[in-house]
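Notes follow once the structure below has been shown.
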There are 2 protein chains.
Amino acid sequence: MNKKYSIKDIAELSGVSVATVSRVINNNGRFSEETRKKVLKVIKKTGYQTNFSAKNLRMNKSFSVGILVPDISNYFFANVVQKIEKILFNRGYSTFICNTARDENKELAYLKMLESKGVDGLIIISGAKAFDISKLNSPNKIPFVCIDRKPKDRSNTVFIGSDHYQGAFDATNSLFQAGCKFPIIASHNRSSSSAVDRLNGFKDALSKNGLDFDSSRNQIVITTNDSTNAIDLLLKENPQIDGFFAINDSIATNVLSSLLRLGKEIPKDIKIIGFDDEPQDIHSYPTLSSVKQDTDKIAQVTVDNIIGLIDHTAITGESITIPVKLIQRDSSL
Amino acid sequence: MNKKYSIKDIAELSGVSVATVSRVINNNGRFSEETRKKVLKVIKKTGYQTNFSAKNLRMNKSFSVGILVPDISNYFFANVVQKIEKILFNRGYSTFICNTARDENKELAYLKMLESKGVDGLIIISGAKAFDISKLNSPNKIPFVCIDRKPKDRSNTVFIGSDHYQGAFDATNSLFQAGCKFPIIASHNRSSSSAVDRLNGFKDALSKNGLDFDSSRNQIVITTNDSTNAIDLLLKENPQIDGFFAINDSIATNVLSSLLRLGKEIPKDIKIIGFDDEPQDIHSYPTLSSVKQDTDKIAQVTVDNIIGLIDHTAITGESITIPVKLIQRDSSL
């Protein structure tokens with residue numbers, strides 16, 4: 001266990017040249033992912049680890065990444081963060097998750113703390129309307145990628161997000177195709193870029209089907225855990241409402257239970273589609289249609305880009321949109 | 001902003017003596033929490049921060065805490081971790097959350113990484129059957145508290161957990177009180193200490209009501225997302241089953257939707273109670289009864305103890321049990 005291995009031993013055990021081992025340790029990019037894995041495995045096994053760590057210290061690399069999340073109890077965030085952590089861990093990186101509770105001051109405090117802990121890169125899901133890295137002490141020192149919510153300035157980062165607009169458009173359009181004449185959107189009162197995109201997709205689908213968006217009749221903002229009274233009032237004023245596109249599944253579930261309490265038959269009287277495809281959607285009554293984000297793809301692209309930026313093999317300025325998929329279940333048929 | 005403040009300025013602005021400011025900075029415990037807050041607020045405001053940070057470095061204190069979580073997408077874990085983070089942040093500590101995916105090797109890797117980042121304390125929700133800190137390089141250096149899952153050795157930590165046994169006992173007993181003659185337990189196939197306690201509470205409630213536990217008839221282990229076939233089979237073999245105590249709400253929701261698919265009326269034919277009181281319980285159809293863990297209390301006691309251990313004002317060896325509460329809704333009436 002405590003035998004001292006030389007770089008020559010590592011090269012021999014890995015079946016590569018000393019120069020390649022050195023390149024892997026220096027992480028200069030001119031080697032395959034397969035070679036990297038092989039060499040790192042040998043380094044780990046032999047306990048060459050210590051020298052390696054010292055090297056990392058000298059090169060200021062800690063093989064750790066920080067993630068800012070607005071709300072870890074949100075299904076989509078928890079899901080994508082878990083997948084990112086898993087891929088990063090398999091590539092030799094630790095992940096520190098910081099829950100910012102959608103609070104900009106807390107976001108900044110955690111950014112500074114992660115900076116001081118020497119993480120190699122940051123993955124930002126910002127609670128702010130438009131994330132602004134320039135508030136950091138040394139904004140250009142740590143590479144970062146932004147997911148889900150668009151940053152203020154995209155030139156110094158890579159942005160990765162689902163096609164929220166298309167998901168909302170497809171969901172709303174499918175309500176019309178299923179026979180709805182007057183669908184409305186159920187949203188929350190936060191204005192993230194993803195929420196704005198989903199609202200725009202809804203509006204354009206209305207427009208495509210010959211309706212003009214009127215926020216007083218085509219939108220309900222759900223702010224309480226039980227929205228039965230608010231929905232009752234809206235339906236009395238607008239009895240033509242026959243469909244809901246909910247901006248997320250939590251709101252869709254809330255709307256669904258309210259409508260059942262009001263004696264509506266779903267999907268006969270009113271159809272519903274949510275967003276995020278949460279696991280309990282298949283257990284709701286009736287089962288809930290929803291727009292599924294491709295969290296596997298988002299996680300993979302995020303990790304590829306943050307490691308690429310850390311290793312200087314990726315470039316900033318890109319904006320990557322990941323397709324979504326409408327999952328039809330009983331609530332919208 | 002950049003004016004240099006002296007310790008005398010801080011004392012004056014805080015309305016306390018220089019000695020008290022010094023005690024707060026040195027964190028030796030001989031001052032009230034109120035004084036501490038007052039002084040830290042002034043230190044923050046004035047930018048005395050820099051000297052303070054240097055001091056922290058010298059005293060090896062980073063005002064950061066690491067949390068190990070087996071699964072951040074689990075409602076209870078996410079909920080309690082969020083509350084812990086909030087209280088810690090208000091007391092001047094940053095929280096680094098590490099998702100261990102119930103993997104003991106990952107757990108150890110994160111422990112070592114948090115140790116190397118110089119966190120002041122650790123909060124452990126272990127995925128392991130019995131958490132063992134002795135695998136760490138310097139197990140006695142960092143104070144830690146364990147929540148929810150009992151550690152192997154309680155002498156060097158504080159253990160904080162809900163009264164899982166009592167919650168399961170009360171839930172099961174209430175099924176008998178509501179008229180059930182043959183309730184069964186629906187569980188998962190993991191053996192955390194909390195799962196063991198819940199099973200024991202169920203068994204003892206059976207026994208109190210004159211039934212002997214028989215795992216082939218009184219227990220169903222739910223391993224798939226749709227357990228309709230497995231439940232159908234069990235009900236055909238044991239038509240006397242008229243109640244389910246589910247070990248968590250996710251399994252309760254799974255069982256509920258399966259029973260509805262099998263044409264059962266809930267609660268008329270079969271009653272159900274879950275565990276964790278997840279937010280969607282009030283939106284299920286019928287609304288789901290559940291055992292509520294007091295996450296506010298768990299978070300507060302956890303923070304009090306980890307800061308107490310860091311500041312040498314708390315002692316190890318304690319085991320703190322937090323009461324739970326049965327919330328009756330339509331599914332068990």
Side-chain angles (χ1 to χ4, degrees), chain A residues 53 57 62-64 66-67 69 71-86 89 92-101 103 105-106 109-110 112-114 116-119 225-226 249-250 252-258 260-261 266 278-280 282-287, chain B residues 53 57 62-64 66-67 69 71-86 89 92-101 103 105-106 109-110 112-114 116-119 225-226 249-250 252-258 260-261 266 278-280 282-287:
Chain A
S53 296
L57 275 177
S62 67
F63 285 94
S64 60
I67 302 193
V69 194
D71 175 6
I72 54 162
S73 70
N74 170 294
Y75 169 74
F76 168 72
F77 295 146
N79 194 239
V80 79
V81 165
Q82 277 190 312
K83 287 176 177 174
I84 288 172
E85 189 279 332
K86 191 175 174 191
F89 197 83
Y93 286 79
S94 293
T95 304
F96 297 113
I97 306 163
C98 298
N99 187 67
T100 62
D103 174 337
N105 293 326
K106 199 177 263 198
Y110 274 117
K112 287 182 176 172
M113 187 53 113
L114 287 166
S116 80
K117 293 284 182 201
V119 295
N225 215 353
D226 180 356
D249 280 348
S250 159
T253 305
N254 190 327
V255 167
L256 176 59
S257 68
S258 294
L260 291 175
R261 261 179 230 127
I266 315 295
E278 295 196 17
Q280 71 261 26
I282 65 159
H283 295 306
S284 84
Y285 182 81
T287 57
Chain B
S53 295
L57 274 177
S62 65
F63 285 93
S64 60
I67 303 192
V69 194
D71 174 7
I72 55 162
S73 71
N74 171 294
Y75 169 74
F76 168 72
F77 295 146
N79 195 240
V80 80
V81 165
Q82 277 188 314
K83 287 176 177 173
I84 287 172
E85 189 280 330
K86 192 175 173 189
F89 196 83
Y93 285 79
S94 293
T95 304
F96 297 114
I97 305 163
C98 298
N99 188 69
T100 61
D103 173 337
N105 293 326
K106 201 177 260 197
Y110 273 118
K112 287 183 175 171
M113 188 51 115
L114 287 166
S116 79
K117 294 284 182 199
V119 296
N225 213 354
D226 181 355
D249 280 349
S250 159
T253 304
N254 190 328
V255 167
L256 176 59
S257 67
S258 294
L260 291 174
R261 263 180 229 126
I266 315 295
E278 295 197 18
Q280 71 262 25
I282 65 160
H283 296 306
S284 84
Y285 181 79
T287 57

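Residue numbers start from 1 in every chain, and the chains themselves are labelled A, B, ... in the order their sequence lines are given, proteins ahead of strands.
Contacts of A:Asp103 with chain B are absent, with no heavy-atom separation under 4.5 Å from either backbone or side chain. Both the backbone and the side chain of A:Ser94 have a heavy atom closer than 4.5 Å to some heavy atom of chain B. Residue B:Asn79: no heavy atom, backbone or side chain, is found under 4.5 Å from chain A. With a 4.5 Å cut-off on non-hydrogen atoms, A:Phe89 touches chain B through its side chain but not through its backbone. Within the 4.5 angstrom heavy-atom criterion, no atom of A:Leu256 approaches chain B. The contact between B:Ser73 and chain A is made by backbone and side chain atoms together, counting heavy-atom distances below 4.5 Å. Within the 4.5 angstrom heavy-atom criterion, only side-chain atoms of A:Val81, from C-beta onward, approach chain B. Interface residue B:Leu260: only side-chain heavy atoms are found under 4.5 Å from chain A.
When all heavy atoms of A:Arg261 and B:Ile282 are compared, the closest pair comes out as NH2-O, 3.1 Å. The two atoms that bring B:Lys117 and A:Gly118 nearest to each other are NZ-O, 4.0 Å, heavy atoms only. Here the closest non-hydrogen pair linking B:Tyr110 and A:Glu85 is OH-OE2, 2.6 Å.
A distance-only check finds a donor-acceptor pair linking the side chain of B:His283 to the backbone of A:Asn225 [under 3.5 Å].
Expressed to the nearest 0.5 Å, how far CD1 of B:Ile97 lies from CD1 of A:Ile72 amounts to 4.5 Å. Taken to the nearest 0.5 Å, the NZ atom of A:Lys86 stands 11.0 Å off from the CG atom of B:Asn99. B:Phe96 contributes atom CZ, which lies 5.5 Å from atom CE of A:Met113 (distance to the nearest 0.5 angstrom).
Contact count versus chain B (heavy atoms, under 4.5 Å) is highest, among A:Ile67, A:Thr253, A:Thr95, for A:Thr95.
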